[in-house]
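Heads up: the structure comes next, in structure tokens.
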Amino acid sequence: MMRFWPVLALLACAVLPWTPGLPVFWVSLLNYIGISSILVVGLVVLTGIGGMTSFAQASFMGFGAYASAILSTRYGVSPWLGLPAAILVSALGAAAIGAVTLRLRGHYLALGTMAVSVSLYYLVANLDFFGRNDGLSTIPPLQIGSYRLTDGRVFLTLVWAMLVAVVVATNNLLDSRLGRAIRALRGGALAASSFGVNTTQVRMLAFVHAAILAAIAGWLYAHLQRSVNPTPFGLFASIEYMLMAVFGGAGYVGGAILGALLVTAINDLLQDWLPKLLGQRGNYETIVFGVILLAVLQVAPEGLWPHIFRGRVRRRVIVDAPPLDRRPHVTSDAPILAVEHLAKRFGGLVAVNDLSFTVAKGEIVGLIGPNGAGKSTSFNLITGVAAPSAGAVALFGQPITGLSPRAIAGHGVARSFQHVKLVPGMSVIENVAIGAHLRGQAGALVAICRQDRGEEARIFAEAAHQLARVGLAGLADRPADSLALGQQRVVEIARALCLDPVLLLLDEPAAGLRHAEKAELAALLRRLRGENVAILLVEHDMEFVMGLVDRLVVMDFGTKLAEGPAEQVRRDPAVIEAYLGVA
Amino acid sequence: MDSTIAAILVQDGIVNGAIYALLALSLVLVFAVTRVVFVPQGDFVAFGGLTYAALEAGTLPGSLWLLGGLGVAAFLFGLHQRRAIIGMVLTCLALPAAIIAVTWLAVPLKPGALANTLLTLAIVTPIAPYIYRIGFQPLAEASVLVLLIAAVAVHLALMGLGLVFFGPEGSRAAAFSDVSISVGDFTLAGQALWILGLTGALMVALYGFFGFTLLGKALRATAVNRLGARLVGIGTAQSGSLAFVLAGAIGTLSGILIVPLTTVYYDSGFVIGLKAFTAAIIAAMASFPGAVLAALLVGVLESFSSFWASAFKEVIVFTAIIPVLLWRSLRHAAVEDDDE
Amino acid sequence: MSVLVVEALAVSYGAIPAVEDISLAVPEGGLVTVIGPNGAGKSTLLNAIMGVLPSRGGLRFLGHDISALSVEARVQHGIALVPEKRELFATMSVADNLLLGGFRFGRRGAGGELDRVYSLFPRLRERHRQQAGTLSGGERQMLAMGRALMGKPRLLMLDEPSLGLAPLIVRDIFRIIADLRATGVAILLVEQNARAALAVADRGYVLETGRVTLEGDARTLAADPRIVEMYLGAATAR
């Protein structure tokens with residue numbers, strides 16, 4: 001039933017406008033609600049899901065509206081051709097603005113887009129080309145043959161059919177390899193880039209996607225209204241769209257429509273009733289609006305959607321699929337990982353100093369040492385998260401020093417994090433699937449058109465396989481943040497295995513696990529060793545480490561204190577002192 | 001363009017820039033202490049200017065009722081949060097009542113510029129901490145984004161209220177003095193002198209406050225390390241209220257200073273505030289001296305662009321942010337930040 | 001009489017419990033230590049007592065129920081925490097950091113505390129004009145402790161004071177901790193450095209995966225083979 005909702009919705013779009021007794025006024029209101037919804041769906045993906053706050057969405061709507069308006073009024077281009085033009089102009093504009101602003105984070109991005117929005121407003125309002133403050137009028141209507149789409153009811157069908165298409169396309173995008181990357185931006189960006197996600201590109205994708213939806217909304221607006229001027233594309237309009245997203249639920253595509261519906265309807269009611277109650281002097285609706293928004297933020301910061309529609313657990317069906325391609329076998333005799341004279345200084349503080357060691361294939365090496373000894377920093381240097389101050393890291397004898405985390409992931413280095421970095425709202429199996437990001441190719445268009453199902457089936461078969469391998473198959477559909485911390489660490493291992501790694505870096509994998517779980521984890525790591533994977537692990541749990549590793553490297557104050565077989569290191573007096581502490 | 005015109009433009013720019021600098025300081029302060037991007041800062045400029053103009057005209061300013069209403073609302077919120085009753089009766093009920101009474105008695109006497117300035121400060125400033133208590137304190141743990149949206153909501157409400165209380169017509173007031181100084185061809189107008197003098201004095205006062213008083217240091221401490229501040233007993237709510245008091249006072253004073261220069265409307269504040277934002281963003285919302293310098297630059301840029309391309313003055317000012325943002329983003333290479 | 005009594009304390013992050021059912025007491029002038037491996041919930045426990053994290057269960061300080069109080073109010077009652085990350089005011093001077101440590105006494109200050117702190121940590125006096133952010137690791141720890149002492153606490157909680165410090169400095173820090181208890185302040189010390197912690201403490205609690213697994217007299221605990229086992233693995237125990 002739910003699979004066919006778009007068909008039913010399209011049917012409703014065609015039939016419902018002709019409901020007898022539907023007032024013309026409602027028809028017009030519903031048109032604007034639909035147009036706003038299209039824009040806000042993009043904003044939800046960008047801000048609520050991707051974590052990038054933009055106050056320039058109305059400007060992108062303006063790009064679309066003006067592009068089509070100018071082409072059709074001045075150059076006699078068919079309004080239908082205005083749609084691709086609107087999308088193109090807006091996408092190019094977004095790419096240019098995004099190139100400058102998307103490197104900004106959080107509130108800087110918000111304020112930067114605010115400035116862009118104000119600046120564009122005044123530009124358009126002062127250039128003759130755009131008709132200055134008056135804008136452009138007598139825009140031709142959309143036409144099918146000789147039939148002009150001037151009837152609000154017919155237009156309503158078009159608007160809501162577009163909305164259905166946009167929602168389907170957006171849901172398809174979110175449920176894809178790149179969609180998971182967008183969802184991973186908020187909170188898990190470092191983890192995502194450690195699994196090969198090009199976060200810059202993914203941010204741009206979300207930004208351009210939102211701009212394109214805004215352009216579609218603008219195109220519809222221009223040919224419904226049949227005139228454009230700068231005001232509906234100014235900063236205040238952008239604020240109102242943000243309000244719709246927050247009101248409805250910025251993290252939910254459905255919240256976009258709910259927000260657009262409620263905000264538009266309430267706005268209209270207020271504009272109708274407040275002057276009757278309070279007189280004509282003020283525009284009371286802005287006051288009431290501000291107050292309502294403030295109240296919503298305090299009472300339901302997630303928006304209304306999750307309060308009305310409780311999140312259902314969606315079960316992902318795993319189908320049989322041919323396994324993903326594996327990494328070609330490297331026959332080099334060089335050690336998989338060689339760290340040479342590695343050093344990292346933060347200001348005057350030496351975190352890692354002249355550290356050298358190797359990890360051969362099929363070997364488990366433990367990196368141990370007291371808190372603050374520089375173990376996690378070493379991990380970050382090896383994986384490219386931080387750049388070393390001196391020294392070199394080589395993989396199969398090839399230098400990888402200074403490469404990005406993404407490039408290093410591409411060479412087959414996978415890791416887990418000391419502070420678990422899973423995407424909180426996302427299911428366990430989808431989190432694991434992020435590990436296989438580099439093993440798929442599907443782009444955004446392929447995903448939107450649902451042509452990525454074969455690849456997706458293979459990715460999820462792999463994710464399910466790795467989850468089963470770490471013993472968490474039963475939890476696949478649970479939200480990742482509902483698991484106990486120890487289990488979340490194991491999910492991170494499954495995610496790392498999805499990369500098909502040659503080298504696995506694990507940061508305290510056993511912390512928070514119970515005794516039996518530790519034993520299972522140790523057995524898994526031994527099996528991986530048997531498959532020639534090299535493993536480097538930081539761990540404090542000595543019982544776990546001692547029985548497992550082939551060799552130990554002990555660090556203290558950034559330097560290597562001892563190295564050798566576990567038995568020998570354990571009896572080293574310097575190690576005992578470093579560990580049990582001085583008295 | 002000859003040197004006289006250039007000198008006039010620079011003077012204009014510096015006078016406007018001084019106002020932007022005050023507001024930018026206040027934005028940086030509020031952000032550092034509370035993480036709120038204080039979008040309604042500009043509304044305080046408008047309220048300050050309009051209240052002063054009303055007092056000068058001998059009418060009761062509408063902002064008085066806003067003061068009273070928000071005081072009662074803040075009191076009710078405080079009751080809900082179970083705060084100490086006596087303190088709240090004093091700060092939320094008695095204080096606005098006293099201010100309303102004094103204003104009511106004083107207005108018919110037309111007491112002069114100084115008294116009007118003080119009255120205006122007394123009427124408008126407390127609105128800011130009331131807003132903090134009602135709007136932001138309950139959201140203390142929320143993200144910067146949520147706080148930003150809340151700030152936008154407060155701005156919408158205040159602007160609407162500004163229209164209700166002051167009407168759509170703008171107001172203008174007489175200059176504080178008609179004195180002017182002439183050096184050769186170059187004349188420095190009296191109001192410009194007032195603005196530069198008071199702005200300078202206020203900056204020195206703020207410097208002294210933050211550098212030498214326990215309370216000022218406590219505010220700085222909250223800005224530097226919120227948890228550290230709580231651990232020595234500096235309450236987040238108190239420092240937040242204090243930061244809002246300062247922001248309210250700075251906004252109000254800016255409004256009083258500009259209303260003799262330009263007609264102020266109920267919605268004039270936003271664009272002024274946004275220009276101060278431009279300066280604050282250029283200074284990365286973090287550095288006080290940087291914000292002052294950037295604000296002066298924004299002022300000068302604005303006055304020169306209004307001479308050369310007056311229609312595009314706003315475009316030029318707001319686009320000026322972009323190269324700065326670009327430079328900053330290139331300097332901090334794109335290493336993924338750990339959290340947020 | 002106990003300065004602090006913790007009864008069946010529990011803290012969770014979302015649905016996930018971090019510490020559960022923890023009961024402990026710190027006697028007046030006593031020095032109690034909580035040791036345990038990483039991730040056992042030691043810092044969580046201190047943060048919950050300080051009010052930085054919300055918790056369930058009983059918290060009594062000098063006989064008052066403090067479980068509903070804010071962090072600031074707990075400071076006013078005389079609890080101080082030196083957190084694991086120190087949380088200094090990095091861009092302010094050492095002197096200002098200390099001054100703010102006495103914030104709860106207002107402008108009057110705590111009177112004479114500054115001299116006492118400077119005599120405990122002479123290094124801080126030498127560097128009183130330097131920015132806190134430019135201090136070395138050991139000096140930062142001293143400043144964090146000094147700042148907490150400026151508020152004349154009745155209970156001083158220290159979260160891993162030896163973290164990241166060189167052995168010589170760790171010795172200094174622990175000597176100072178021992179000196180402090182002589183001044184009568186009760187101390188709750190969380191440490192990974194089990195040997196050093198148990199050497200200065202009267203009583204110890206061992207925390208593992210959020211629960212107290214061992215407790216007792218510090219000297220007895222120090223000799224307990226299970227402690228050695230926890231740190232160096234079972235095989236080393238004998």
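Throughout, a chain's letter reflects where its sequence line sits, starting with A, and its residues are numbered from 1.
To the nearest 0.5 Å, atoms OG1 (Thr278(B)) and CE (Met114(A)) are separated by 11.0 Å. Taken to the nearest 0.5 Å, the CD1 atom of Ile134(B) stands 8.5 Å off from the CG atom of Leu294(A).
If you measure heavy-atom distances from Phe55(A) to chain B, the contacts under 4.5 Å come from the side chain alone. Only the side chain of Thr47(A) comes within less than 4.5 Å of a heavy atom of chain B; its backbone N, CA, C and O stay farther away. Only the side chain of Val116(A) comes within contact range of chain B, with at least one heavy atom under 4.5 Å from a heavy atom of that chain. With a 4.5 Å cut-off on non-hydrogen atoms, Val317(B) does not touch chain A at all. For chain A, the nearby part of Val152(B) is the side chain; its heavy atoms alone come within less than 4.5 Å.
Here the closest heavy-atom approach between residue Ala153(B) and residue Leu293(A) is recorded as CB-CD2, 3.6 Å. The nearest pair of heavy atoms linking Ser119(A) to Thr319(B) is OG-OG1, 2.8 Å.
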>> Using the rule given for side-chain contact (heavy atoms from CB on, under 4.5 Å), can you reason through Phe136(B) versus Gln298(A), listing the C-alpha separation, both sets of side-chain angles and the distance that settles it, and then say yes or no?
In response: CA-CA 9 Å; Phe136(B) 296 102; Gln298(A) 292 187 8; over 6 Å; no

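Counting heavy atoms from C-beta outward, Tyr121(A) and Val315(B) have side chains that stay 4.5 Å or more apart. Under the 4.5 Å side-chain criterion, counting only non-hydrogen atoms from C-beta, Phe277(B) is not in contact with Val118(A).
Taking the ring centroids of Phe236(A) and Phe270(B), they lie under the 6.0 Å cut-off.
For the side-chain contact (heavy atoms from CB on, under 4.5 Å) with Ile149(B), the lone residue among Thr53(A), Ile239(A), Val246(A) that qualifies is Val246(A).
Under the salt bridge (charged side-chain N to carboxylate O under 4.0 Å, His left out) criterion, Glu314(B) pairs with Lys275(B), sequence neighbours left out.
Chosen from Ile316(B), Leu274(B), Leu156(B), the residue pairing most often with chain A at heavy-atom distances under 4.5 Å is Leu156(B). With respect to chain B, the highest number of heavy-atom pairs below 4.5 Å among Leu235(A), Leu243(A), Thr286(A) belongs to Thr286(A).
Within the 3.5 Å criterion, the main-chain N or O of Ala311(B) finds a donor-acceptor partner in the side chain of Asn126(A).
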